[in-house]
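Have a look at the structure below, then the notes.
Per chain, numbering begins at 1; letters A, B, ... match sequence-line order.
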Amino acid sequence: MARVLTPRAEDFPRWYQDVIAKAELADNGPVRGTMVIRPTGYALWERMQAEMDARIKATGAQNAYFPLFIPESYLRREAEHVEGFSPELAVVTHGGGKQLDEPVVVRPTSETVIGEFMAKWVQSYRDLPLLLNQWANVVRWELRPRVFLRTSEFLWQEGHTAHATEEDARAYARRILHEAYEDFMVNVLAIPVVVGRKTARERFAGATNTYTLEAMTGDGKALQMGTSHELGQNFARAFEIDFLGASGQRELAWTTSWGVSTRMVGGLIMCHGDDNGLRVPPALAPIQAQVMVVKDDANGEVTSAARKLADALRDAGVRVGVDERVETPFGRRAVDAELKGYPIRLEMGPRDLAAGNVVLVRRVNGSKTPVPLDNVVALVHQALEEDQKALYEQALQFRQSHTAEVATVDEAAEAAATGWARIPWSAVGVEGEAALNARGVTVRCLVREDGTVPDSEDEPGLIAYAARSY
RNA sequence: CGGGAUGUGGCGCAGUUUGGUAGCGCGUCCGCUUUGGGAGCGGAAGGUCGUCGGUUCAAAUCCGGCCAUCCCGACCA
């Protein structure tokens with residue numbers, strides 16, 4: 001077979017680009033750093049949205065929409081926030097053919113506008129907690145864009161909440177972290193993530209505490225798949241989000257924000273892809289089973305049988321596609337299905353039909369098995385379930401075999417050349433972190449020894465994950 | 001933003017050293033034969049050679065500016 005993609009081992013970034021192009025996921029936009037998400041790629045994002053949206057709503061948050069344009073003065077109200085974001089802001093200075101009195105910023109994130117309206121809507125402790133989410137695009141001017149992983153404009157979900165107490169805000173930030181994000185990544189994306197706490201250096205601009213979920217990519221780097229922040233009272237103070245407490249006292253609210261983005265599509269490619277293209281976990285896949293007419297006879301019997309099979313699968317709750325383009329050579333279509341990572345292909349030709357069979361092909365392990373038509377539905381369900389687990393196990397195995405336990409900063413930097421390093425945080429510290437950064441390595445997050453998320457970076461016995469990252 | 005590399009039909013490239021008016025593979029379109037892992041034969045369409053300027057009788061080719069992409073770094077969610 002002709003080589004379709006650059007092999008991963010030969011040139012990983014090139015392979016990543018190839019997958020995106022050949023699987024028709026995205027194109028570069030005309031403006032540097034922008035991307036066009038093509039239907040195949042967008043379908044993945046829509047599935048992510050659907051799964052995430054359900055989880056977010058299950059925690060009690062409601063969707064709303066805030067404007068793209070933000071008065072520049074809003075950004076300035078929170079000192080750390082503006083300092084963190086000003087280098088990557090897109091600023092509109094003209095509108096309607098005239099210079100604007102006050103420049104308008106294209107949102108890099110919406111803490112500020114939402115803070116302004118929270119202040120308006122929150123009067124009493126009875127108005128809390130206020131749990132909002134929005135699906136939107138944001139713009140952060142990027143110096144070094146990479147499709148899906150880091151683009152100047154991207155799509156995401158940003159949640160913003162206000163609470164009466166610090167404990168409540170913290171509990172909610174953590175609830176999103178685990179119940180929405182971790183659950184989604186593990187059970188839908190089949191990507192194992194290390195859930196931890198960012199160091200002060202890596203914290204979100206304006207947050208008092210940033211939680212993160214880190215995935216290992218196929219080249220041993222780290223990719224931040226999502227974040228949840230405790231914002232303390234920083235934004236409440238800046239935007240006067242206050243309320244009358246039960247005792248009649250005026251109090252400042254405690255806010256949080258949290259987000260996941262189209263970067264997860266990049267994570268999906270980099271965690272599960274192989275030399276033949278994308279491998280989409282069944283729980284996510286827009287098309288779980290692709291029914292393929294290999295070739296047909298004069299009466300079109302194979303095509304009708306394929307449609308019937310597709311209907312049966314659909315009725316059984318399988319997301320199914322049908323490829324009956326028999327005028328296109330089969331090999332081409334098979335390669336295309338592999339590139340796009342459909343978990344299962346059901347290949348059917350006249351010979352199979354005569355035998356009452358269909359060939360079940362699994363993307364994850366490449367197996368091809370002829371199975372009786374009247375048993376397909378059950379076998380498809382079983383294969384989807386097994387392959388969902390297999391992808392997770394493979395990714396976990398990979399991460400474990402590429403994670404080193406080390407004791408010194410030097411060893412950590414060395415280990416980061418090929419994977420991740422776990423090192424006692426006490427052996428790193430602020431100075432060690434700077435030394436790692438100088439060598440292109442960052443502390444991705446801190447976790448407790450039992451894997452749980454610490455409340456403070458000063459807790460004794462913490463473990464730091466160090467790695468190169470995207 | 002710094003260093004390096006690259007920009008030539010939709011995609012991948014040759015041609016640039018030594019200036020002479022653009023070629024190959026894939027894809028696309030038409031026809032026939034094909035179709036169980038990127039089909040074969042025949043025919044056709046498609047390019048102001050990234051862009052702007054300079055040198056020259058003549059520029060894809062030489063010189064300069066700009067833009068874009070990729071790699072490495074810096075910056076940063």
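- Salt-bridge annotation for A:K198 and A:E214: present, with a side-chain N of the basic residue lying under 4.0 Å from a carboxylate O of the acidic one.
- Taking atom CG on A:D275 and atom P on B:rG37, their separation rounds to 21 Å, with Å as the unit.
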(request) Check the pair A:R448 / A:D455 against salt bridge (Lys or Arg N to Asp or Glu O under 4.0 Å), numbers first and verdict last. (result) CA-CA 10 Å; A:R448 291 191 186 128; A:D455 286 322; 3.5 Å; yes

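- For the P atoms, the distance from B:rC11 to B:rG50 is 13 Å, rounded to whole Å.
- Taking only side-chain atoms of A:R332, from C-beta outward, the nucleotide of B:rG36, B:rG37, B:rG38 with the closest atom is B:rG38.
- Residue A:P87 is out of contact with every strand shown, counting any heavy-atom pair closer than 4.0 Å.
- When the nearest nucleotides of RNA chain B are assigned to A:R345 and A:T442 by heavy-atom distance, the more 5′-ward of the two goes with A:R345.
- As the counterpart of B:rU17, no nucleotide is assigned, since no Watson-Crick or G-U wobble pattern has both distances under 3.5 Å.
- Between A:Y470 atom OH and B:rC71 atom P there is a gap of 9 Å when expressed in whole angstrom units.
- Note: CD (A:E347) to P (B:rU35) measures 17 Å, nearest angstrom.
- Comparing B:rA60 with B:rA22, their C1' atoms are spaced 8 Å from each other, to the whole Å.
- Remark: A:R362 engages A:E386 in a salt bridge, criterion side-chain N to carboxylate O under 4.0 Å.
- Nucleotides B:rA39 and B:rA45, compared at atom P, are 25 Å apart to the nearest Å.
- Between the side chain of A:K368 and the base of B:rG36, no donor-acceptor pair under 3.5 Å is found.
- Comparing B:rG37, B:rA39, B:rG36 against the side chain of A:D352 picks out B:rG36 as the nearest.
- Figure legend. B:rC70 is base-paired to B:rG4; pairs are counted as Watson-Crick or G-U wobble with both atom distances under 3.5 Å.
- With a 3.5 Å ceiling on both atom-pair distances, the Watson-Crick or G-U wobble partner of B:rG12 is B:rC24.
- The gap from the P atom of B:rU33 to that of B:rU51 amounts to 44 Å, rounded to the nearest Å.
- Across all strands shown, A:T227 has heavy atoms under 4.0 Å from base atoms, whether or not it also approaches the sugar-phosphate.
- Atom P of B:rU48 sits at a distance of 24 Å from the matching atom of B:rU6, rounded to the whole Å.
- For RNA chain B, the residues of residues 289-296 of chain A within the heavy-atom distance limit of 4.0 Å (strictly under) are A:V294, A:K295, sorted by number.
- Going from atom CG of A:L284 over to atom CE of A:M264 covers 9.0 Å, rounded to the nearest 0.5 Å.
- Of the residues A:W258, A:F204, A:F235, the one that meets the ring pair (Phe, Tyr, Trp, His ring centres under 6.0 Å) test with A:H229 is A:F204.
- In summary, A:D410 and A:R439 engage in a salt bridge, as defined by a charged side-chain N under 4.0 Å from a carboxylate O.
- More than 12 heavy atoms of other residues, nucleotides or ligands sit less than 6.0 Å from atom CD of A:Q394.
- A:P108 comes within 4.0 angstrom of nothing in the nucleic acid, heavy atoms only.
- To the nearest 0.5 Å, atoms OG1 (A:T109) and CD1 (A:I70) are separated by 7.5 Å.
- Counting to the nearest Å, the P atom of B:rG36 and the CG atom of A:L353 are 17 Å from each other.
- Under the Watson-Crick and G-U wobble criteria, each requiring two contacts below 3.5 Å, nucleotide B:rU56 is left unpaired.
- Taking atom C1' on both B:rG19 and B:rC49, the two are 14 Å apart, rounded to the nearest angstrom.
- For A:R333 and B:rU35, the shortest distance from a side-chain N or O to OP1 or OP2 is not below 4.0 Å.
- Spacing between B:rU21 and B:rU61 at atom P, rounded to whole Å, works out to 14 Å.
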Detail all sub-3.5 Å separations between protein N/O atoms and N/O atoms belonging to nucleotides 66-69 of chain B.
unit_1	atom_1	unit_2	atom_2	d
B:rU69	OP2	A:R32	NH1	2.2

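- The side-chain tip of A:R333 does not point at the ring of A:F330 from less than 6.0 angstrom away and within 45° of straight on.
- Across the interface with RNA chain B, nearest-nucleotide mapping of A:R263 and A:R14 shows A:R14 to be the residue nearer the 5′ end.
- If you check every strand for non-hydrogen atoms under 4.0 Å, A:R146 touches sugar and phosphate atoms only.
- Ring geometry, A:W45 versus A:W135: the interplanar angle exceeds 60°, so the pair is classed perpendicular (tilted spans 30 to 60°).
- The pair A:E24-A:K340 meets the salt-bridge criterion, with a side-chain N (NZ, NE, NH1 or NH2) lying under 4.0 Å from an Asp/Glu carboxylate O.
- Across the C1' atoms, B:rG46 and B:rC24 are found 15 Å apart, a figure rounded to whole Å.
- As rounded to whole Å, 13 Å separates atom P of B:rA39 from atom CD of A:E327.
- When the P atom of B:rG38 is taken as reference, atom NZ of A:K22 falls 15 Å away, rounded to whole Å.
- Counting non-hydrogen atoms under 4.0 angstrom, A:N437 reaches the backbone sugars and phosphates but no base.
- The partner of B:rU34, taking Watson-Crick or G-U wobble pairs whose two distances both stay under 3.5 Å, does not exist in any strand shown.
- With rounding to whole Å, A:D18 atom CG is found 19 Å from B:rC26 atom P.
- Between the CG atom of A:D323 and the P atom of B:rG36 there is a distance of 13 Å, given to the nearest Å.
- Judged by distance alone, the side chain of A:Q157 and the main-chain N or O of A:V260 form a donor-acceptor pair under 3.5 Å.
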